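The structure appears right after this line, and notes come after that.
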Amino acid sequence: MWSHLREKGVKIPNISAGEIDRQVEPVLRAMENAGILIDRKVLSELQRRLEIRISKLEKEIYKAAGEKFNINSPSQMAELLFKKLKLPIFDLKKTKSGISTAAPELSKLKSKHKIIEPVLEYRELSKLVSTYLKPLPALVTKDGRIHTTYGQETSTGRMTSKNPNLQNIPIKGELGDEIRKAFIAPERMVLISADYSQIELRIVACLAQDEVMLKAFESGVDIHSKTASEIFGVPADKVTKEQRRAAKTVNFGVLYGQTSYGLSQALGINRQDAQNYIDKYFDVHTGIARYVKNMRAKADKDGYVETLFGFRRNIAELKSENWQTANAGERMAINTPVQGTAAEILKLAMIELDKEINRRPTTDDPPTGEAGRRPRLILTVHDELVAEAPEEDAESVSKMIKEVMEGAVKLCVPLEVEVAYGKNWLEAKH
DNA sequence: ACAATGGTCC
DNA sequence: ACTCGGACCATTGTA
């Protein structure tokens with residue numbers, strides 16, 4: 001499906017998607033066995049801190065409500081907010097059973113009642129405690145480490161992680177920082193984190209042969225600032241932070257087939273403005289517009305789309321009588337080649353890295369009974385790999401990982417990898 | 001046991 | 001009316 005890209009400078013290694021999956025399988029098993037070292041004390045101390053705060057918030061919420069109720073129950077929350085407190089439901093999303101109490105909806109009510117803010121904070125903190133701080137320590141094995149299970153059975157070719165899922169460890173905010181401090185390197189070792197910079201945008205630039213985007217990546221300019229300058233019609237050096245943030249949302253929205261409504265919700269602007277931005281975007285990015293059209297047509301005609309390495313996803317949804325289902329099918333057709341190709345590139349890098357790492361000797365003669373220190377891959381998070389390495393090898397292993405990842409395939413644009421290391425996962429991402 | 005709701009990540 | 005792709009998991013409430 002993408003063989004024409006060979007003439008555009010794309011060098012696709014002679015390997016199929018299925019073969020990539022087979023070859024990455026033993027690498028995944030090795031990563032599961034390796035696991036990642038956990039500092040349980042960091043988790044338990046944070047848990048204690050948050051539980052104190054949560055009980056204060058509980059009292060505050062009950063007081064503002066005038067009664068006790070189960071804060072964790074969306075139905076009881078809706079009953080309280082919209083029946084007893086009679087908060088306005090104009091503009092709020094509905095669920096099958098009633099009014100949504102999801103965070104974006106409650107945020108709209110912040111100015112209407114003093115109960116909203118503590119509820120949002122309660123939700124945030126109890127999420128962290130119940131999903132991460134409590135369960136993670138229970139999964140630490142005798143070696144002090146957590147061993148997830150990786151899978152490859154997804155509709156795009158991405159990998160999954162379960163028991164626990166280490167691909168959704170919090171990263172936003174101060175509390176995300178605190179949790180990531182609990183994922184540590186052993187004595188005299190470091191964690192190295194390496195992530196592809198905007199890999200999906202680079203892939204779509206290439207698959208779509210979008211001239212403007214190709215040039216942007218070749219010249220190394222900030223892609224979101226460039227998009228901002230295009231859709232807001234301002235010089236590149238006059239782009240505000242706010243405009244850049246909006247442009248970033250547009251860039252990612254395109255990958256998902258986002259509508260004007262979706263964009264307006266994401267940016268908190270009106271729908272017409274959102275539509276104008278999208279129109280402006282497709283005006284400039286004719287290649288992307290063509291790609292979107294082509295993927296819809298391809299899926300419609302053949303019933304499937306393909307990634308760069310030939311992974312096929314059947315999209316039966318497109319044939320649905322239900323227009324919502326059919327629209328969802330269109331978005332899958334747009335997104336799957338991009339997301340799937342990114343997954344394939346990461347897997348190729350993992351296969352190559354595993355070979356390269358195993359060529360290196362163990363650094364130490366281990367003291368009696370102790371395992372020798374040597375580099376190994378330990379985590380994979382969609383566009384990021386985390387490895388462990390002896391601290392004296394941090395620089396050389398970092399460099400090796402970066403080079404292998406950047407060279408995994410030759411696209412029409414350069415692949416860039418950001419790499420850093422430190423004593424824990426937080427430090428390794430600076 | 002299962003569906004619905006909500007929330008975390010890329 | 002509905003609206004952003006791909007995952008996993010906790011809690012509530014119903015069957």
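Residue numbers start from 1 in every chain, and the chains themselves are labelled A, B, ... in the order their sequence lines are given, proteins ahead of strands. Nothing here was measured: the structure is a model prediction, and the numbers come from that model.
Of all nucleotides listed (C:dG6, C:dG13, B:dT5), C:dG6 comes nearest to the side chain of A:Ser155. Taking the side chain of A:Gln339 as heavy atoms from C-beta on, and the options B:dC10, B:dG6, C:dG5, the nearest nucleotide is C:dG5. In the set C:dT11, C:dG6, B:dG7, the nucleotide with an atom closest to the side chain of A:Ser130 is C:dT11. Listed nucleotides C:dG5, B:dC10, C:dC9 differ in distance to A:Lys127; the shortest reach to its side chain belongs to C:dC9. Closest approach to the A:Arg180 side chain among C:dG6, C:dC9, B:dC10 is made by B:dC10 (side chain taken as heavy atoms from C-beta onward). When distances run from any side-chain atom of A:Thr259 to the nucleotides C:dC9, C:dC2, C:dC4, the shortest one goes to C:dC4. When distances are taken from the side chain of A:Arg271 to each of B:dT8, C:dC2, B:dC10, the shortest belongs to C:dC2.
Of the N and O atoms on the side chains of A:Glu416 and A:Ser197, not one donor lies less than 3.5 Å from an acceptor on the other residue. Under 3.5 Å, the side chains of A:Glu105 and A:Ser100 contain no donor-acceptor pair of N or O atoms. Side-chain contact annotation: A:Arg180 with A:Ser193, donor-acceptor N/O pair under 3.5 Å absent. When only modelled atom types and interatomic distance are considered, A:Asn322 and A:Ser320 share no side-chain donor-acceptor pair under 3.5 Å. Donor-acceptor pairing under 3.5 Å is lacking for the side chains of A:Ser264 and A:Arg271.
Within the 3.5 Å criterion, the main-chain N or O of A:Thr307 finds no donor-acceptor partner in the side chain of A:Thr341.
In this structure, A:Glu384 reaches neither bases nor backbone, as no heavy-atom distance under 4.0 Å exists between it and the strands shown. Within 4.0 Å (heavy atoms only), A:Asn163 reaches sugar-phosphate atoms of the nucleic acid but no base atom. Counting non-hydrogen atoms under 4.0 angstrom, A:Leu166 reaches nothing in the nucleic acid. Residue contacts shown for A:Ser161 are limited to sugar-phosphate atoms, with no base heavy atom under 4.0 Å away. Among the atoms of the strands shown, none is found under 4.0 Å from any heavy atom of A:Ser260. Using a 4.0 Å heavy-atom cutoff across all strands shown, A:Ala103 reaches sugar-phosphate atoms only and no base atom. Contacts of A:Gln324 with the nucleic acid, taken as non-hydrogen atoms under 4.0 Å apart, involve only primed sugar atoms and P, OP1 or OP2.
In this structure, A:Gln167 does not reach the C:dG6 phosphate: none of its side-chain N or O atoms is under 4.0 Å from OP1 or OP2. At the phosphate of C:dG5, neither OP1 nor OP2 sits under 4.0 Å from any side-chain N or O atom of A:Arg313. Considering only side-chain N and O atoms, A:Ser73 lies under 4.0 angstrom from the phosphate OP1 or OP2 of C:dG13. OP1 and OP2 of C:dC4 both lie 4.0 Å or more from every side-chain N or O belonging to A:Asn335. Phosphate proximity of B:dG7 to A:Arg123: present, with a side-chain N or O under 4.0 Å from OP1 or OP2.
Side-chain atoms of A:Arg158 and base atoms of C:dG6 include a donor and an acceptor less than 3.5 Å apart. The base of B:dT8 sits with one of its N or O atoms less than 3.5 Å from a complementary donor or acceptor on the side chain of A:Asn168.
Taking the 5.5 Å centre cut-off and the 30° plane limit, the aromatic side chain of A:Tyr261 is classed as stacked on C:dT3.
Per the geometry, CD belonging to A:Gln76 stands 15 Å off C1' belonging to B:dG6, to the nearest Å.
Ranked by how close their nearest DNA chain C nucleotide is to the 5' end, A:Trp323 and A:Thr336 are led by A:Trp323. Heavy-atom nearest nucleotides on DNA chain C were determined for A:Thr131 and for A:Lys94, and the one closer to the 5' end corresponds to A:Lys94.
No side-chain heavy atom of A:Met31 sits less than 4.5 Å from a side-chain heavy atom of A:Ile378.
By the neighbour-count criterion of 12 heavy atoms within 6.0 Å, atom NZ of A:Lys298 is densely surrounded, having more than that number from other residues, nucleotides or ligands.
Rounded to the nearest Å, the gap between the C1' atom of C:dT3 and that of B:dT8 is 22 Å. Taking atom P in both C:dC2 and B:dT5, one finds a spacing of 12 Å when rounded to whole Å.
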Atom pairs, protein N/O to nucleotides 1-4 of chain B N/O, distance under 3.5 Å:
from: B:dA4; atom 1: OP1; to: A:Lys96; atom 2: NZ; distance (Å): 3.4

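Ring centroid separation for the pair A:Tyr196 and A:His382 does not come in under the 6.0 Å cut-off.
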